[in-house]
Structures are given as C-alpha cells and as structure tokens.
Amino acid sequence: MGQVRALERAYNQAGISAASVGLVEAHGTGTVVGDKTELSALTNLFSRSGALPAQTHLGSVKTQIGHTKCAAGLAGLIKAS
C-alpha cells in the first residue's frame, strides 16, 4: 500500500520509530473512503512496527472545524503541542 510506504519513509527519515508514537493528528478527510484508508494505513504501520494495542491516540481537529486551509493545519499543530 502506497500510504504505508510513504509513512514508513517519513518516520525513517525523521529517525523515529512508529512504535514510539503516542499521538497522531490525522488528516481526517471527513469521507468514508478517505478516513478508512488513512486509518488502515496507520494501523498497518503501527502493527508492523511493534506498537502495542491502544498505545497510540488518534485525532483530527480538521474534521471538527472544516477545510479552512492554513487554519486547520495550525489548529492541528496547536493540538499536538
């Protein structure tokens, strides 16, 4: 799956093990297909990395405030800080 490979490359380049992640601020498209695809890729990545069940929390503030371009991105950064 291309999404999993992209996530693996990003974590590898950042020098972070996906097994050590405690919070993911997801893109959250707000669509059934988009959100299912994102969740599936993240689940696959964390399972492969050895993360424990329920170790990583998942959120998406963007789906709560809508597509407000940079404001949604900024809200995600603030939430994750």
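Position 1 is the first residue of the sequence; numbering continues from there. Side chains included, hydrogens not; waters and symmetry mates left out as well; all remaining heavy atoms used.
Taking a 6.0 Å sphere around NZ of K36, one finds it holds 12 or fewer heavy atoms contributed by other residues, nucleotides or ligands.
Nearest heavy-atom pair, A26 versus S60, reported as atom, atom and distance to 0.1 Å: O-OG, 3.2 Å. Taking every heavy atom of both residues into account, A80 and L23 meet most closely at CA-CD2, 4.0 Å. Listed here is the closest heavy atom pair of Q55 and S20: NE2-N, 4.1 Å.
The CG atom of L45 sits 12.0 Å away from atom CD of Q3, with the distance rounded to the nearest 0.5 Å.
Listed for the T43 side chain is no donor-acceptor partner under 3.5 Å among the backbone atoms of S40.
Grouping Ile, Leu, Val, Met, Phe, Trp and Tyr residues whose side-chain heavy atoms lie under 4.5 Å apart, directly or via other members, leaves V33 alone, with no other cluster members.
Every residue meeting the side-chain hydrogen bond (donor to acceptor under 3.5 Å, both in side chains) condition with E8, not counting sequence neighbours, appears here in chain and number order: R48. E38 is linked by a side-chain hydrogen bond (donor to acceptor under 3.5 Å, both in side chains) to nothing, counting only residues two or more places apart in sequence or in another chain.
Exactly one of L7, V4, L39 qualifies for a side-chain contact (heavy atoms from CB on, under 4.5 Å) with N44. That residue is V4.
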